[in-house]
Amino acid sequence: MKIRKAVFPVAGLGVRFIPATKFMPKEMLPIVDKPIVQYAVEEAFDAGIEEIIFVNSERKKGLEKHFKNDPELEKFLKDKGKHDLLKQVKEIVPKHGKIKFVIQDQPLGLGHAIWCAKDIVGNEPFAVILADDVIQNKVSALSQMVEQFNEFKSSIIAAMEVEKNQTNKYGILDFKDKGTDIFKIKGMVEKPSPDKAPSNFAVVGRYILTPEIFDFLEKKKIGAGGEIQLTDAIAELLDIQSVYGYKFKGTRFDCGDKAGYQMANLAFTMERPELKDKMLKFIKKIIDQ
Ligand code: UTP
């Protein structure tokens, strides 16, 4: 029951970040000096994942190049004696077979994107990472969830508390008792208005799912926003197994959103000793203006 595989759905259009995302996949936007997606890939391998399955679209093929060797660049860096950079560039490329790509022909929704990975995932529990939900913490959110899975052996959804008036932006969890950071859920609703929201616990882009989820995704039921929603399939999964919400430790940044992305850049810059003082000085200056 080890979690060996992680699905990375990256086939969305990223319309909230236009014009940056007209051509550039939002997952390739940098936080400090590393593309968003690379943080997520590192998080997955760090949590013990052995195989990453990207669900991509034809128009975002550029993302795939980031994880492949670039002989010309490598030769250039080698000839110039830039050994540190050469090492970094080579380390981005995972060993053969550790990253696979499948294509989602049309952006029919997150649920449909995950269904596209069904044949590669097979009959075993797996993780899902939405790379644009960046979570900053010493122990990564996925590592925390894998630890919980090893104990509970059932599907787990990452959750965080949001302001009551923000529920219409998230999948929202319904639960009976929330005694600890991990709790059994009763249901899930996609983007409910604040008056209809069963709680203020929102779903964040980290999941551990058992393969039964594919039986429900297979139905390709159209849900909120005219899309095939993962939330709807999880709501059905609840009829046959316990599904847990997990309040992870860490700060989550919505990097598909312009403000969230800038906040992530600031927070991650502050973790870099060579940049921190420069940035603090600048922030102080603009605040004092
Ligand atoms: P989002 O809701 O963030 O959609 O999808 P999006 O298209 O990427 O961004 P906006 O809202 O238009 O700005 C959540 C995740 O599901 C993936 C996205 O790439 C993102 O990682 N997704 C969504 C797919 O892979 N396929 C889809 O059909 C929809």
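Each ligand, and each atom within it, is numbered from 1 in the order the structure gives.
- Taking the ring centroids of Phe175 and Phe201, they lie under the 6.0 Å cut-off.
- Contact annotation: Glu27 has at least one heavy atom less than 4.0 Å from an atom of ligand 1.
- For Gly12, a nitrogen or oxygen atom sits less than 3.5 Å from a nitrogen or oxygen atom of ligand 1, counting backbone and side chain alike.
- Looking at Ala113 against ligand 1, only its side chain comes within 4.0 Å, counting heavy atoms.
- Connection of Ile49 to Ile99 is established within a shared hydrophobic cluster, with ILVMFWY side chains joined at heavy-atom distances below 4.5 Å, either directly or through further cluster members.
- The residue from Val128, Val7, Leu130, Leu13 that puts a heavy atom closest to atom 14 (C) of ligand 1 is Leu130.
- Polar contact check, Leu108 against ligand 1: a nitrogen or oxygen pair lies under 3.5 Å apart.
- Neither side chain, Gln104 nor Asn56, offers a donor N or O lying under 3.5 Å from an acceptor on the other.
- Within ligand 1, counting atoms from 1 as listed, the ones closer than 4.0 Å to a heavy atom of Pro107 are 28 (O).
- For Gln229 (side chain) and Ala224 (main-chain N/O), a donor-acceptor pair under 3.5 Å exists by modelled atom type.
- Under the 4.0 angstrom criterion, atom 2 (O) of ligand 1 counts as lacking any protein heavy-atom contact.
- The side chain of Lys26, and not its backbone, has at least one atom closer than 4.0 Å to an atom of ligand 1 (non-hydrogen atoms only; side chain from C-beta on).
- Heavy-atom separations between Gln104 and ligand 1 include at least one value shorter than 4.0 Å.
- Cluster membership for Ile3 and Tyr246, using ILVMFWY side-chain heavy atoms within less than 4.5 angstrom, is shared.
- For ligand 1, the polar-atom distance check finds an N/O of Val15 within less than 3.5 Å of one of the ligand's N/O atoms.
- Protein non-hydrogen atoms do reach within 4.0 Å of atom 11 (O) of ligand 1.
- By the criterion of a heavy-atom distance under 4.0 Å, the backbone of Val10, and not its side chain, is placed next to ligand 1.
- No donor-acceptor pair closer than 3.5 Å links the side chain of Tyr261 to the backbone N or O of Asp132.
- At under 3.5 Å, a nitrogen or oxygen of Pro9, whether backbone or side chain, sits near a nitrogen or oxygen of ligand 1.
- A search for salt bridge (Lys or Arg N to Asp or Glu O under 4.0 Å) contacts involving Asp288 returns Lys284, not counting sequence neighbours.
- In the hydrophobic clustering, Phe23 connects to no other residue, as no ILVMFWY side-chain heavy atoms lie under 4.5 Å from its own.
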